[in-house]
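For ligands, and for the atoms within them, numbers begin at 1 and follow the listed sequence. What you are looking at is a predicted structure, and each value in this text was computed from that prediction instead of being measured.
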Amino acid sequence: MDFLHRNGVLIIQHLQKDYRAYYDFLNFMSNVGDPRNIFSIYFPLWFQLNQTVGTKMIWVAVVGDWFNLIFKWILFGHRPYWWVQETQIYPNHSSPCLEQFPTTCETGPGSPSGHAMGSSCVWYVMVTAVLSHTVSQMDKFSITLHRHAGGRGL
Ligand SMILES: O=P(O)(O)OC[C@H]1O[C@@H](O)[C@H](O)[C@@H](O)[C@@H]1O
């Protein structure tokens, strides 16, 4: 397990160091996808626009959170931010310094990440809804165009 945590820490360091320029973008994506927005914003909003998407949102929140809870009970994984302080694999207090953010300051088990699971589900539902809407609009447009061209005998 230490091998996994150590590599996870390396990936976090890589992202925090080499992708600093994308901080605002990544933080924005993470905040927009925050599952806590489902109940207060996305469900009421999407239910007005499209009941199927709104219902999907609620199912994503309920089923996704339930799965996350079960997986957390099974794995009961460390969070990298406290693992680097507690592990003995870094000699002489040379543990890496990881930057923390408000959403990472949680005290429960960290694996699998509820935020990562929830956000990816929220983004998946929203992106697929927008894509299918766009495709159906394009289909309607091309049918109209085809009929129009056919009517003119082109
Ligand atoms: O399991 P993780 O990654 O710490 O994420 C859990 C948190 O993820 C956040 O997105 C939710 O808004 C919180 O309610 C939740 O506690």
Nearest candidate to atom 1 (O) of ligand 1, where distance is taken over non-hydrogen atoms, out of M117, R79, K72: K72
Under a 3.5 Å distance rule, please check whether N31 uses its side chain to pair with a backbone N or O of N27 as donor and acceptor. yes
With side-chain hydrogen bond (donor to acceptor under 3.5 Å, both in side chains) as the test, would you mind laying out the steps for H115 and S30 before giving the verdict? CA-CA 8 Å; H115 186 79; S30 178; 2.7 Å; yes
For atom 14 (O) of ligand 1, what's the nearest protein heavy atom and its distance? R36 NH2, 4.1 Å
Closest to atom 3 (O) of ligand 1 among protein heavy atoms sits S113 OG, 2.6 Å
S119 side chain vs A116 backbone, donor-acceptor pair below 3.5 Å: no
Please step through salt bridge (charged side-chain N to carboxylate O under 4.0 Å, His left out) for the pair E99 and R20, ending with a clear verdict. CA-CA 11 Å; E99 201 174 333; R20 184 148 291 279; 2.4 Å; yes
Could you tell me if the side chain of V9 sits less than 4.5 Å from the side chain of Q13, heavy atoms only? yes
Does P35, backbone or side chain, put an N or O under 3.5 Å from an N or O of ligand 1? no
Are any of the N/O atoms on N68, whether in the backbone or the side chain, positioned under 3.5 angstrom from an N/O atom of ligand 1? no
Please work out which of the three classes, parallel, tilted or perpendicular, describes the rings of F43 and F47, given edges at 30° and 60°. tilted
Heavy atoms only, cut-off 4.0 Å: how does E106 contact ligand 1, side chain, backbone, both, or neither? side chain
For atom 10 (O) of ligand 1, what's the nearest protein heavy atom and its distance? H115 ND1, 2.4 Å
Within ligand 1, which atoms have a heavy atom of D34 less than 4.0 Å away? 9 (C), 10 (O), 11 (C), 12 (O)
If you count the non-hydrogen atoms of other residues, nucleotides and ligands that lie under 6.0 Å from CZ in F101, is the total more than 12? yes
Atom indices of ligand 1, in the order listed, that fall short of 4.0 Å to a heavy atom of G114: 1 (O), 2 (P), 3 (O), 5 (O)
